[in-house]
2 protein chains.
Amino acid sequence: MIAEDIFQQTFRKIGLRLTKQRKAIFEYLLNNHTHPTAQEIFSNLHPMYPELSLATVYNTLEVLVENSLIQNLGSAFDESVHYDADQSPHINLICTLCHKISDYPTESINQLTMQIRSTLGFRVSGARIVYYGKCRTCLKNNI
Amino acid sequence: MIAEDIFQQTFRKIGLRLTKQRKAIFEYLLNNHTHPTAQEIFSNLHPMYPELSLATVYNTLEVLVENSLIQNLGSAFDESVHYDADQSPHINLICTLCHKISDYPTESINQLTMQIRSTLGFRVSGARIVYYGKCRTCLKNNI
DNA sequence: ATTACTGCAAAAGATTTGCACTAGG
DNA sequence: CCTAGTGCAAATCTTTTGCAGTAAT
């Protein structure tokens, strides 16, 4: 299968074995842009992979981050670390009424990132930019 | 004392009793821009206030955040939540090597905020902007 | 065949909680 | 006084770790 080859190549390139678990976790992050925590990933995959353990989820996430295949978004609002396969810095908008998280890609961030790099000599490896407030839909519906 | 009155007023306004502990913790955050964790605050205040407990530090920080007197900055990739009394919008730069958090105030944020407001119709009530990577000092020292 | 990876269960840390006691208003 | 706030210790929750067994190459 072609899809298998892509995973194989990606993992082989960085000297990692392609296990069912790693494939499942990485695939999950590629297909879901919900910024899940380790626990959420585990809960979602467990029905399909009953043999998967939470410790493996943590191990795998660490390995994927180390090899820059995914991003660690840190824990901004709850006490858990969130992960994302989307590597480009983008804005998360959290609506405090409907609790939906939406993404907002914009050029401004690249400018800001470059500014930080050049002005401060800080080597940026990631960013979490979260705005919270009330989304257009909730405002319109006067919730 | 005048200074006492300011604390009294601030706390009374939001219906909180001014205890020695709360005053000490809030004062500590106002005077130190080191973005400390609960543990760090406790360790620093304990010699002067031997009766202070870690649980009270956690309680107090929660109360102060709820009443918007301080900010919860999330973790600095070191498994602990950091706090800051600086309420003005600014960027936090977290070094993943030394775990220090530094501030970077810039006009760009106001532009970004306005852009989100006008383009998306999102009514912004707050923001947390965190960049992480390697700081100049750690890069220089080749840690 | 090797040995990197996994699952499990126990450990380690950070934070929260229940409750009797204390002190601020 | 009255009750919000505190200290303590136990509980909880997230993440890490040690080790024997399993599976990828």
Please determine, by modelled atom types, if B:Q115 and A:Y104 share a side-chain donor-acceptor pair under 3.5 angstrom.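 Side-chain D/A pair, B:Q115 to A:Y104: present.
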
No-hydrogen, no-angle side-chain donor-acceptor test under 3.5 Å, A:Y131 and A:N92: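 Side chains of A:Y131 and A:N92: no pair found under 3.5 Å.
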
Report, one line per pair, each donor and acceptor closer than 3.5 Å where one atom sits in a side chain of residues 59-66 of chain A; sequence neighbours left out.
from, atom 1, to, atom 2, distance (Å)
A:N59, ND2, A:A55, O, 3.4
A:T60, OG1, A:T56, O, 2.7

[X] side chain, from C-beta outward: closest of [options]:
X: A:V81; options: C:dG25, D:dT6, D:dT15; result: D:dT15
X: A:Y58; options: D:dG7, D:dT16, C:dT15; result: D:dT16
X: B:Q8; options: D:dG5, C:dT15, C:dG25; result: C:dG25
X: A:R22; options: D:dT6, D:dT15, C:dT6; result: C:dT6
X: A:S53; options: C:dG7, C:dG24, D:dT25; result: C:dG7

Rounded distance [0.5 Å steps], SG in A:C138 versus CZ in B:F122: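 With rounding to 0.5 Å, SG (A:C138) is 9.0 Å from CZ (B:F122).
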
With rounding to the nearest 0.5 angstrom, report the OG to CD1 distance, B:S102 to B:I91.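 If I round to the nearest 0.5 Å, the distance is 10.5 Å.
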
5' precedence on DNA chain C between B:T37 and B:T19 (nearest-nucleotide basis):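 Looking at the nearest nucleotide for each, B:T37 comes out on the 5' side.
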
Determine the contact category for A:E51: base if any of its heavy atoms lies under 4.0 Å from a base atom, sugar-phosphate if only primed atoms, P, OP1 or OP2 are that close, otherwise nothing.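 Sugar-phosphate: the residue A:E51, judged by heavy atoms under 4.0 Å, touches backbone atoms but no base.
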
Once you apply a heavy-atom cut-off of 4.0 Å, does B:Q21 come out as touching a base, just sugar-phosphate, or nothing?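 The answer is sugar-phosphate, as B:Q21 gets under 4.0 Å only of primed atoms, P, OP1 or OP2.
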
Please give, in whole Å, the distance from [N] [atom2] to [X] [atom1]?
X: B:F42; N: D:dT6; atom1: CZ; atom2: P; answer: 14 Å
X: B:R12; N: C:dG24; atom1: CZ; atom2: P; answer: 13 Å
X: B:Y83; N: C:dT15; atom1: OH; atom2: C1'; answer: 9 Å
X: A:L18; N: C:dC5; atom1: CG; atom2: C1'; answer: 12 Å
X: B:H82; N: C:dT15; atom1: NE2; atom2: P; answer: 9 Å
X: B:L52; N: C:dA23; atom1: CG; atom2: P; answer: 14 Å
X: B:L73; N: C:dA14; atom1: CG; atom2: C1'; answer: 17 Å
X: A:F11; N: C:dA4; atom1: CZ; atom2: P; answer: 17 Å

Mind checking whether A:L29 and A:Y83 have side chains closer than 4.5 Å, heavy atoms only?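 Yes, their side chains come closer than 4.5 Å.
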
Test item: B:S108 and A:Q111 side chains (from C-beta on) under 4.5 Å apart, heavy atoms: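 Result no, sub-4.5 Å side-chain heavy-atom pair not found.
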
Is any side-chain N or O of [X] closer than 4.0 Å to OP1 or OP2 of [N]?
X: B:Q39; N: C:dT15; value: no
X: B:R17; N: D:dT3; value: no
X: B:S80; N: C:dG13; value: no

Please figure out whether A:A55 or B:L16 has its closest DNA chain D nucleotide nearer the 5' end.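 Checking each residue's closest nucleotide, the 5'-ward one belongs to B:L16.
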
Between A:K20 and B:E79, just flag the one whose closest nucleotide in DNA chain D comes earlier from the 5' side.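 The residue closer to the strand's 5' end, by nearest nucleotide, is B:E79.
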
How sharply is the helix from C:dA1-D:dT25 to C:dG25-D:dC1 bent, taking the axes over five pairs at either end and rounding to 10 degrees?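 The end axes of the helix from C:dA1-D:dT25 to C:dG25-D:dC1 are about 40° apart, to the nearest 10°.
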
Could you go step by step and tell me if A:T106 and A:I109 meet the side-chain contact (heavy atoms from CB on, under 4.5 Å) rule? CA-CA 6 Å; A:T106 168; A:I109 296 184; 3.9 Å; yes

